[in-house]
Amino acid sequence: MSRLPRSGLLLCLLALAGLMPIAAAGQALPEPPLDPLAASMAGEFALQSGQLQDAARFYLAAAQAAEDPVLAERAARIALLADQDALAGQALTLWRRLQPQPSQTQQMVAATLALRAGQTRPARRALEALLAQPDGWRAAVFALSGAVGRQPQQVAQRIEEIVKRGQLPDVLQAWLAFGGLAQRLDQPRLVDRIVAQVIKRFPAEPQVALLRAQWLREAGKPAQARAVLDGLGDAVLLVPALRLAVADEYEALGDPAKAAQLLARGAQDDAVFARRAMLLDKANDKAGLTALYEELKRSATTPNPVRRMLLGQLAELLQRYDEALDWYASVPGGASQGMARLRTVNVRHAMGDKARAYADVQALQADVSLADDVRRDAYLLEAELRQKDSDPDGERQALTRGLAAFPDDVSLLYARALMWERQDDIAQAEADLRRILVIEPDNVMALNALGYTLADRTTRYAEALALIERARVADPDNAAIIDSYGWVLFKLGKPREALEHLRRAYTLQKDPDIASHLGQVLWVLGRREEARRYFEEARRLDPDNRALRRALQETGA
């Protein structure tokens, strides 16, 4: 007998209890029941369904019926996330009555609401109260971040005031967080003031110089950012994590060769070797890859599976395919051998021996002595190679055979959904994504993918919003989900609200899809020069990006 997913079971229980009818996504729920348990259960169901406004309303009703401050707090938090300030205000009023001694979270909610409403004095008082508490700066940052979209000037003024009055503690992370907020607000003078204070207060911290370089790069001053990094000298070698971070910053500045040179100094392990290989490949530095390959060969006398896998991959990058095959064949038995056999298929395909590659990958699929995840990955690999060969029928058949061997495997279903979307078969893509959600109702990737697909390729925007809201609740700082949320707001005719979320997403992840969405929203808002800059950024990241092509076509840019 099949089992209902948790949210579906809860829905049926509520319906049987007469508490609520079964409603479609986006359909308004009835008035909250008076019974606190029923109301809180309805609130949880609405939350799981992505109906944040209804969830906040139900939890508020539960809090009122039970006189429970914990439920009032939950109602206030959900209402803030849903941008329902009036509802959050009601929950906060109840919460204050039930819990007169203010908590840090209570003050954070109050500060967020005051900032969003543009109420300077109440916002200032609430922020001062937070900053006077141990670690209260974190809650202050949360409150300020929650008002950036509504009141950017108000937020900038409060940050400037806090810095000027010296209200931030001597904690590096606090200064970094406030500096990041100022950067998001596009306040270069305020950023410079914070950077100056950080350098003054934490002069011996190399991380401060790294921060300054990041801000300079994001402000469009790559030469100055490079000068700051170059000035760090050997200090970065003392802390492995810092060395990796500085290498990442050189890469972000478009100099992967310099990043690889930095990583070549100091302690080495297999992770560092792999990172150096990736950077040298990105820099198209064949001489550097060859030197690294020879360096690793000298230490490969013992059958270390990880090292031999890395040598095989380096040989692949150098197009020494026969050597790559030898390295992969020398990987000893165990978990690594399955991966080595998969890489061997890649090599044969790259050598042009496609018939042998497909025969080998299908032999992997049929080898019951291998671990299930290796056999499953063999189907995914075949589909990927078929896609490279512009063979949509072969790609579809590989995934269909994979699902016959591994029914309801989430990775295979997700890959096939993406294939259907590329082939413009949105109904089939939706079917596979919904199948994943039957198997794993809280699968964040599937929730976001389905919500984004409905927003981008259909007009079912309310349904898309509900799915994306569910993903947001589970992973509120995920750049892809924030991008989806901004995009569905744009599709719903709310470009100004969309802009703030898309900017935040792009701050978290430099992605061509997000840049294309930002450009399109800015174009609609009449800010065409800025839009063109984002289109160019998207083109630099991926010239063939589909979101970019659609944005250029729809805007005429």
Side-chain angles (χ1 to χ4, degrees), residues 118 144-145 147-157 159-160 179-195 211-228 249 251-255 452 455-456 461 479-557:
L144 290 159
S145 299
V148 165
R150 305 273 190 87
Q151 297 282 351
Q153 283 303 116
Q154 170 79 219
V155 172
Q157 288 167 6
I159 294 173
E160 188 166 13
L181 265 179
Q183 184 77 6
R184 278 176 57 194
L185 289 160
D186 195 22
Q187 296 283 331
R189 290 175 61 186
L190 181 54
V191 170
D192 288 344
R193 176 180 288 186
I194 292 174
V195 168
L211 168 72
R212 189 181 179 200
Q214 290 170 339
W215 284 348
L216 286 167
R217 173 177 55 81
E218 290 172 3
K221 301 175 181 178
Q224 292 172 254
R226 174 66 183 254
V228 171
E249 191 58 26
E251 183 188 4
L253 284 166
D255 194 349
Y452 176 78
D456 194 51
Y461 303 136
I481 295 171
I482 297 167
D483 170 59
S484 298
Y485 183 60
W487 193 234
V488 76
L489 289 177
F490 174 66
K491 293 288 189 173
L492 285 164
K494 302 175 180 179
R496 295 188 186 281
E497 292 179 41
L499 183 60
E500 165 57 24
H501 294 284
L502 292 172
R503 283 197 191 280
R504 181 175 175 230
Y506 197 65
T507 299
L508 293 169
Q509 182 180 335
K510 300 295 183 284
D511 176 88
D513 282 14
I514 303 173
S516 302
H517 294 157
L518 260 171
Q520 190 164 348
V521 171
L522 287 163
W523 188 274
V524 167
L525 290 171
R527 296 158 65 171
R528 298 195 169 182
E529 286 307 310
E530 191 178 357
R532 285 191 177 94
R533 289 201 298 273
Y534 280 105
F535 288 146
E536 285 304 314
E537 183 69 9
R539 195 192 311 276
R540 185 186 68 78
L541 292 166
D542 179 8
D544 299 320
N545 183 265
R546 291 191 303 152
L548 174 61
R549 291 203 302 267
R550 285 200 295 267
L552 293 175
Q553 183 178 4
E554 291 176 18
T555 60

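Quick caveat: nothing in here was measured; it's all calculated off a predicted structure.
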Go through it in stages, so that I can follow the logic: the residues are Ile159 and Gln187, the test is side chain to side chain contact (heavy atoms under 4.5 Å, CB included), and I'd like the CA-CA distance, side-chain angles, deciding distance and then a yes or no. CA-CA 11 Å; Ile159 294 173; Gln187 296 283 331; over 6 Å; no

Decide yes or no on side chain to side chain contact (heavy atoms under 4.5 Å, CB included) for Asp513 and Arg546, but give the supporting numbers first. CA-CA 8 Å; Asp513 282 14; Arg546 291 191 303 152; over 6 Å; no

Would Arg189 and Glu160 count as a side chain to side chain contact (heavy atoms under 4.5 Å, CB included) if you check the C-alpha gap in whole Å, the side-chain angles of each, and the deciding distance to 0.1 Å? CA-CA 10 Å; Arg189 290 175 61 186; Glu160 188 166 13; over 6 Å; no

Begin from the C-alpha positions of Asp542 and Leu548 and carry the test side chain to side chain contact (heavy atoms under 4.5 Å, CB included) through to its verdict. CA-CA 9 Å; Asp542 179 8; Leu548 174 61; over 6 Å; no

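A cation-pi arrangement is present between Lys510 and Tyr506 under the rule of less than 6.0 angstrom and at most 45 degrees off the ring axis.
Between Leu552 and Arg539 there is a side-chain heavy-atom pair separated by less than 4.5 Å. Looking at Asp511 and Asp483, their side chains never come closer than 4.5 Å, going by heavy atoms from C-beta outward. Side-chain contact between Phe490 and Gln520 is present, with at least one heavy-atom pair separated by less than 4.5 Å. A heavy-atom distance below 4.5 Å is not found between the side chains of Arg503 and Val148.
Residues Leu499 and Leu518 come closest through the heavy atom pair CD1-CD2, 3.6 Å. Across all their heavy atoms, Val155 and Leu144 have their closest contact at CG2-O, 3.7 Å. When all heavy atoms are compared, the tightest approach of Arg550 to Asp456 is NH2-OD2, 2.7 Å. Across every non-hydrogen atom of Glu529 and Arg532, the tightest pair is OE2-NH1, 3.0 Å. The heavy-atom pair separating Leu190 from Ala156 by the smallest distance is CD2-O, 3.9 Å. In terms of heavy atoms, Ile514 sits closest to Gln509 at CD1-O, 3.7 Å.
For the atom pair OH (Tyr452) and NE2 (His517), the distance works out to 3.0 Å, reported to the nearest 0.5 Å. Going from atom CZ of Arg504 over to atom CD1 of Ile482 covers 3.5 Å, rounded to the nearest 0.5 Å.
Between Phe535 and Trp523, the angle of the ring planes lies from 30° to 60°, which puts this pair in the tilted group.
Taking a cutoff of 4.0 Å between a charged side-chain nitrogen and a carboxylate oxygen, Arg533 and Glu536 do not qualify as a salt bridge. Salt bridge status for Arg540 with Glu537: present, with a side-chain N to carboxylate O gap under 4.0 Å.
For Arg496, the CZ atom sits in a loose shell: 12 or fewer heavy atoms of surrounding residues, nucleotides or ligands are nearer than 6.0 Å.
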